[in-house]
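A short worksheet on the structure shown next.
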Number of protein chains: 2
Amino acid sequence: MTAATLESSTAAACCAPIAREPLGEGDAAELAALLKAVADPVRLRLLSMIGSHAGGEACVCDLTDAFDLTAPTISHHLKVLRTAELISGERRGTWVYYRIVPETVARLGALFAPLAEPAHRP
Amino acid sequence: MTAATLESSTAAACCAPIAREPLGEGDAAELAALLKAVADPVRLRLLSMIGSHAGGEACVCDLTDAFDLTAPTISHHLKVLRTAELISGERRGTWVYYRIVPETVARLGALFAPLAEPAHRP
DNA sequence: GAAATGGTTCGATGCTCGTCTAAATGATAC
DNA sequence: GTATCATTTAGACGAGCATCGAACCATTTC
């Protein structure tokens with residue numbers, strides 16, 4: 001699935017729009033898990049750093065230096081993001097490089113977009 | 001500013017505001033607090049119920065009945081959403097009605113939105 | 001007023017999560 | 001093969017959070 005596919009689906013089928021109809025129990029749990037992965041200052045900054053880094057990928061060594069946290073802690077946060085499929089990591093030689101998964105990030109954006117529209121309901 | 005904007009995004013394919021530049025420590029903490037308010041299955045369903053309810057507002061009595069939770073718990077979750085300014089409550093007579101605050105929700109949508117509006121960029 | 005109904009606040013409890021130190025794994029250089 | 005740097009895993013501790021029962025405000029009705 002590409003970013004374009006997701007974009008075209010914001011108004012229609014794919015991802016459950018939060019304002020069209022009440023969220024089911026299962027969908028809510030799944031989305032909450034995804035949101036929980038982003039609902040942390042460190043992980044938010046990590047995501048932003050990786051996404052804004054030149055070339056679209058960032059080395060763990062760069063990320064670790066930017067925080068006042070130990071390497072295991074950063075690794076833990078990266079694992080949470082990876083488990084949520086928000087980022088993907090690849091080892092090339094000594095260092096591991098992380099990259100953003102645009103589809104998952106776009107899914108978050110599409111979640112609240114319908115709600116933001118003023119007067120989407122009569 | 002619709003499909004053309006997306007087409008213009010290049011190989012990085014990440015045009016979400018969060019990927020424009022690294023998030024500051026203060027902004028990250030503030031956004032994480034906002035996200036944490038939504039990163040819960042119950043609150044997500046509450047938000048969806050309120051947002052999809054006819055007239056744009058929902059009574060607490062309706063919300064409480066939809067869950068297998070006690071009234072204090074629902075009230076707690078509503079308070080979290082209210083503190084985050086995601087919803088606003090108003091008492092009319094016997095019942096309390098909650099309504100969505102579109103500005104705050106829009107902020108969430110804009111964060112990860114694949115179609116970043118030019119006006120929102122700093 | 002007094003009673004009844006709708007909502008919120010107050011403590012308490014059990015669980016989850018972020019962080020650390022210590023140890024293990026992976027990869028390169030000598 | 002051994003030394004060394006980079007990253008992850010394992011285990012443990014403390015803080016925060018979701019949930020509950022009970023007590024507490026607000027509004028209507030008698």
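Order of the sequence lines fixes the chain letters, A, B, ..., with proteins taken first and strands second; residue numbering starts at 1 for each chain. Because only heavy atoms are used, hydrogens play no part in the values below, and waters and symmetry mates are left out as well, while side chains stay in.
Within the hydrophobic cluster formed by Ile, Leu, Val, Met, Phe, Trp and Tyr side chains joined at under 4.5 Å, directly or through other members, B:Trp95 is accompanied by B:Tyr97.
With rounding to whole Å, B:Lys79 atom NZ is found 15 Å from D:dA18 atom C1'. Rounded to whole Å, atom P of D:dT7 lies 15 Å from atom CZ of A:Phe67. Per the geometry, CG belonging to B:Leu46 stands 12 Å off P belonging to D:dA18, to the nearest Å.
Applying the side-chain contact (heavy atoms from CB on, under 4.5 Å) test to B:Thr104 and every residue at least two apart in sequence or in another chain returns B:Leu34, B:Glu85, B:Leu86, B:Val101. For A:His53, there are no side chain to side chain donor-acceptor pair (under 3.5 Å) partners two or more places apart in sequence or in a different chain. Under the rule for a side-chain contact (heavy atoms from CB on, under 4.5 Å), the partners of A:Thr70 that lie at least two apart in sequence or sit in another chain are A:Pro72, A:Thr73. Among residues two or more places apart in sequence or in another chain, the side-chain contact (heavy atoms from CB on, under 4.5 Å) test is passed with A:Arg82 by A:Lys79, A:Ile87, A:Tyr98.
Listed by residue number, the members of residues 22-33 of chain B with any heavy atom below 4.0 angstrom from DNA chain D form an empty set.
For the side chain to side chain donor-acceptor pair (under 3.5 Å) condition, the pairs that include at least one residue of residues 25-35 of chain B, sequence neighbours left out, are B:Glu30-B:Arg107. Screening residues 38-52 of chain A for side chain to side chain donor-acceptor pair (under 3.5 Å), with sequence neighbours left out, gives A:Arg43-A:His77. Counting only residues at least two apart or on different chains, no salt bridge (charged side-chain N to carboxylate O under 4.0 Å, His left out) pair has a member in residues 47-56 of chain B. Among residue pairs with one or both ends in residues 48-66 of chain A, those qualifying as salt bridge (charged side-chain N to carboxylate O under 4.0 Å, His left out) are A:Glu57-A:Arg92, A:Glu57-A:Arg99; sequence neighbours excluded.
Backbone-only contact: A:Tyr98 has heavy atoms under 4.0 Å from sugar-phosphate atoms and none from a base.
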- Item | Per-nucleotide protein contact string for nucleotides 19-30 of chain D, where B marks a base within reach and S marks sugar-phosphate only (heavy atoms under 4.0 Å, - for neither) | BBBB----SS--
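Protein chain A contacts DNA chain C over a range whose 5' and 3' limits, counting nucleotides with an atom under 4.0 angstrom from a non-hydrogen atom, are C:dC17 to C:dT28.
In this structure, the separation between CG on B:Leu111 and CG on A:Leu44 is 6.5 Å, given to the nearest 0.5 Å.
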